[in-house]
Amino acid sequence: MSIRVNKVLLDANIGLETLNSLLKALDYNVEDLTFNTKIPDELAEYVSKLCKNDLDFLALIEESAQKESKGEKKNLDFPIKIVGKIDLDELDGHKEKQNKQEAGASPTIMQTPKDNCGNNKIGCWIDELLIMLPTGKARRICVGEFETVDQKPLYSVLIGINGIGKSTLLKEVVDFFIDLYSCVKETKADRTFAKQGQLRGIKYHIDGMVCEVIRFSKTYIAKINGYISALSDLHLPLLVACHFGAFDKFPIQKVNKSIQTRYDVPYYKYVGAHVNSSLISSSGIVFRMLFALSEKMNDKQRNNILSILDFVGYDHKISLSYSLVLKTRNYGTAIEKIKQRVEFDREYKNLTKQETESIIAQLYNFYKEKTSSGNKLFIFEIDIDNSEKSEESLKELQMIYKLKQYDLVNSINCKFHKKGSEVMSDDLSSGEFAFLSIILSISAVVENSNTIILLDEPELSLHPNWQMALIDNFDRALDGLSCNLVIATHSHMLVSDLPIKRSAVIQLGKDENGELIADRISECTYGWSAEEVLLKVFKTATDRNRYFGERIGKLLEKMGNNSISPDMVANELKELHEISLHLSDVDPMKIVLNTIIEAYK
């Protein structure tokens, strides 16, 4: 038996495009799906099941994984062919309804998925990660739950021991959204997908909507505000990834290469220490950062640069020294190279012929002017205090950057200035360089609130005082934007400076079966001392840690007045014992705890 698509849409309370997305997720490739198309009853029932408001995506993930492990197809062995069509024009009363539907209206939708649903928190953040465990069970990992979303950055901080999987999770978030973008835009040609890891779904907030999306083989199923929806209705965030360590797991983009990867897309920005899969020099990173800033320089960015330079103790001036490649005395060689590179430059692919010729002329005239001067070395300076002069300088910087991409500029050296003396970028301390690079690189590429910023161990090389200052500087650099910074860290100093009501600390660990779990720290950590953060958040006690002693004292008090159950005593002693493993054997508190544990047994 079969049923008309028009009735399926009414019963499931969805639109035609949403049904089409579901059929694709179930491995059906139905061409020319219309309201007249008839599909099998069994398939219609399964679609209705998927569209129930109480459908738990975790169960759907587990069901899909179970079928994959058994080698079963997700299409449930329903026949793929279209079994028939009828002409609704022959049925009285349906003509007007069909015209409305074909104009884009879904049949009798109770609530449009794009509706705000009363969500007055307008910003962008990840709410939950849906992961698949080795046992075949799915689990939700809470990432962000904020009391206040008011044009300020939101911080989701992931902590946990080394090897727990923090960096891997961040990398999988990038792959998840890259693949989702590909499906939404339906760029079938050359579409590639990341190797499927433990991350199977993401629940996120954007533009006042709650979007929950799960991966189904090489496509996705989505809910918007609790309703099954077409992928095309999703709003998607910009992704920014940053790590300045040597062991970087984030996907790295190619820089102006003819061979592109799946990560060379406008909605993903990598601003770490690598380029084209190799570590680049500090001068290269500063140069790239300055160019990114030059493209969107305004008073806010200028003040941001001044603030960061003041913080690290440098003057408000940055210099570059560079030389140009002289192919031959014949300028025709250079002009041909510039023409060729501009024609294949992704940045210019949508320009008209006239606009492209203008770009070529500007670059060539700049090159010719410099090389004909007879100088071998050129000095370029940005006076950030002088807004008019700096704007002119930034235009020149953009020329230099493009010629560098086109292999017409030799090595570049970046110079900072400290009390009038020059300091080469290679001579900056690792902490100075990291602090400048992280804050300025991120602020240069974040354009609006609909941005997820993934940072892996931003505290590397930073003094504890500077680790504490990271959050304040992010707040200043991203002021007015309710974007989400998801940070994997081991820094208790960073945790102690997280803002009230705009931050969430999630501790990743393993359960008794060795599977990933997450616990959100319920208390606000702002202003906590180092000892308090280490004990309450990182579950690590230092010798003579007074909070550890207070916790033992409270336990003894509750045991003395019989206000605590035996099970709770056992759990508390177990956790205190695990914390005490970090203490030396001669620590008095450890000796006291061991005595209590032995006596309780």
Side-chain angles (χ1 to χ4, degrees), residues 143 155-175 178 194 197 199 239-255 261 263 268-290 292 308 311-312 414 424-446 451-471 473-474 477 484-495 497-498 505-508 538 540:
V143 174
Y155 298 91
S156 302
V157 178
L158 307 180
I159 63 172
I161 63 173
N162 289 323
I164 202 68
K166 301 183 296 295
S167 300
T168 299
L169 264 182
L170 295 186
K171 194 265 183 184
E172 288 190 18
V173 169
V174 173
D175 282 325
I178 292 288
L199 182 63
L239 298 173
V240 176
C242 178
H243 180 63
F244 277 91
F247 305 101
D248 193 348
K249 288 193 174 184
F250 286 127
I252 298 165
Q253 295 169 305
K254 300 289 184 182
V255 176
T261 71
Y263 302 108
Y268 172 61
K269 304 291 184 182
Y270 170 81
V271 293
H274 292 76
V275 65
N276 295 337
S277 301
S278 301
L279 276 169
I280 58 176
S281 67
S282 55
S283 288
I285 292 174
V286 173
F287 184 46
R288 181 186 66 186
M289 175 186 69
L290 289 174
I308 299 300
F311 182 85
V312 297
C414 296
M424 302 297 292
S425 58
D426 290 339
D427 295 328
L428 293 174
S429 74
S430 57
E432 289 173 330
F433 177 71
F435 198 90
L436 281 165
S437 299
I438 291 172
I439 303 297
L440 294 181
S441 295
I442 289 176
S443 66
V445 297
V446 177
T451 307
I452 304 294
I453 305 164
L454 307 166
L455 294 105
D456 195 6
E457 298 186 355
E459 72 274 11
L460 292 178
S461 301
L462 297 185
H463 184 276
N465 286 341
W466 284 20
Q467 292 179 31
M468 291 179 66
L470 269 175
I471 300 300
N473 279 278
F474 278 132
N484 187 198
L485 292 91
V486 184
I487 305 172
T489 184
H490 296 286
S491 171
H492 59 285
M493 307 304 294
L494 185 152
V495 170
D497 200 51
L498 292 172
V505 180
I506 296 87
Q507 185 175 51
L508 301 180
F538 287 88
T540 300

Undergrad: Taking G160's backbone N and O only, do any of them form a donor-acceptor pair with K166's side chain (distance below 3.5 Å, no angle check)?
TA: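 It does hold such a pair.
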Undergrad: Go through the steps for V157 and L498 under the test side chain to side chain contact (heavy atoms under 4.5 Å, CB included), then give the verdict.
TA: CA-CA 9 Å; V157 178; L498 292 172; 3.7 Å; yes
Undergrad: In the structure I gave you, are the side-chain heavy atoms of T451 and V240 within less than 4.5 Å of one another anywhere?
TA: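 Yes, at least one pair of side-chain atoms sits under 4.5 Å.
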Undergrad: My understanding is that only residues two or more places apart in sequence, or in another chain, count here; which of them pass side-chain hydrogen bond (donor to acceptor under 3.5 Å, both in side chains) with S430?
TA: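 Expected list: none.
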Undergrad: Decide side chain to side chain contact (heavy atoms under 4.5 Å, CB included) for L158 and I164; before the verdict, give the C-alpha distance in whole Å, the side-chain angles of both, and the deciding distance to 0.1 Å.
TA: CA-CA 11 Å; L158 307 180; I164 202 68; over 6 Å; no
Undergrad: Does the side chain of L460 come within less than 4.5 Å of L462's, by heavy atoms?
TA: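 The answer is no, as the side chains (C-beta and beyond) never meet within the 4.5 Å cut-off.
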Undergrad: Under 3.5 Å, is there a donor-acceptor pair between the side chain of H243 and the main chain of G272?
TA: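 Side chain of H243 to backbone of G272: no pair is present.
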Undergrad: Donor-acceptor pair, distance only, cut-off 3.5 Å: does the side chain of E459 make one with the backbone of H490?
TA: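 Yes, the answer is positive, given that a donor and an acceptor are paired below the 3.5 Å cut-off.
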Undergrad: Please identify each residue that fulfils ring pair (Phe, Tyr, Trp, His ring centres under 6.0 Å) with F474, with sequence neighbours left out.
TA: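 For F474 there are no ring pair (Phe, Tyr, Trp, His ring centres under 6.0 Å) partners, ignoring immediate neighbours.
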Undergrad: Examine distances only and state if a side-chain atom of S443 and a backbone atom of L440 form a donor-acceptor pair shorter than 3.5 Å.
TA: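 Confirmed, S443 side chain pairs with L440 backbone.
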Undergrad: With rounding to the nearest 0.5 Å, note down the distance linking OG in S441 to CD1 in I285.
TA: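 Interatomic distance, S441 OG to I285 CD1, rounded to 0.5 Å: 7.5 Å.
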Undergrad: Can a donor-acceptor pair be found, under 3.5 Å and without considering hydrogens, that links the side chain of Q467 to the backbone of L494?
TA: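 Judged by distance alone, no pair lies under 3.5 Å.
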Undergrad: Once side-chain hydrogen bond (donor to acceptor under 3.5 Å, both in side chains) is applied, do any residues pair with S461, and if so which ones, sequence neighbours excluded?
TA: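 For S461 there are no side-chain hydrogen bond (donor to acceptor under 3.5 Å, both in side chains) partners, ignoring immediate neighbours.
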Undergrad: Just jot down the ring pair (Phe, Tyr, Trp, His ring centres under 6.0 Å) partners of Y268, sequence neighbours excluded, or say none.
TA: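 Checked Y268 against ring pair (Phe, Tyr, Trp, His ring centres under 6.0 Å); zero matches.
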Undergrad: Calculate, to the nearest 0.5 Å, the distance between atoms OG and CG belonging to S156 and N484 respectively.
TA: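 It comes to 4.0 Å.
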Undergrad: May I ask you to check whether Y270 and Y263 place their ring centres under 6.0 Å from each other?
TA: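 Not close enough - the centres of the two rings lie 6.0 Å or further apart.
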Undergrad: Which residue pairs pass the salt bridge (Lys or Arg N to Asp or Glu O under 4.0 Å) test when at least one of the two sits in residues 432-444, sequence neighbours left out?
TA: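 Checked against salt bridge (Lys or Arg N to Asp or Glu O under 4.0 Å) - neighbours excluded - the pairs reaching residues 432-444 are K418-E432.
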Undergrad: Applying side-chain hydrogen bond (donor to acceptor under 3.5 Å, both in side chains), name anything that partners E172, two or more places apart in sequence or on another chain.
TA: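 Per chain and number, E172 pairs via side-chain hydrogen bond (donor to acceptor under 3.5 Å, both in side chains) with no residue.
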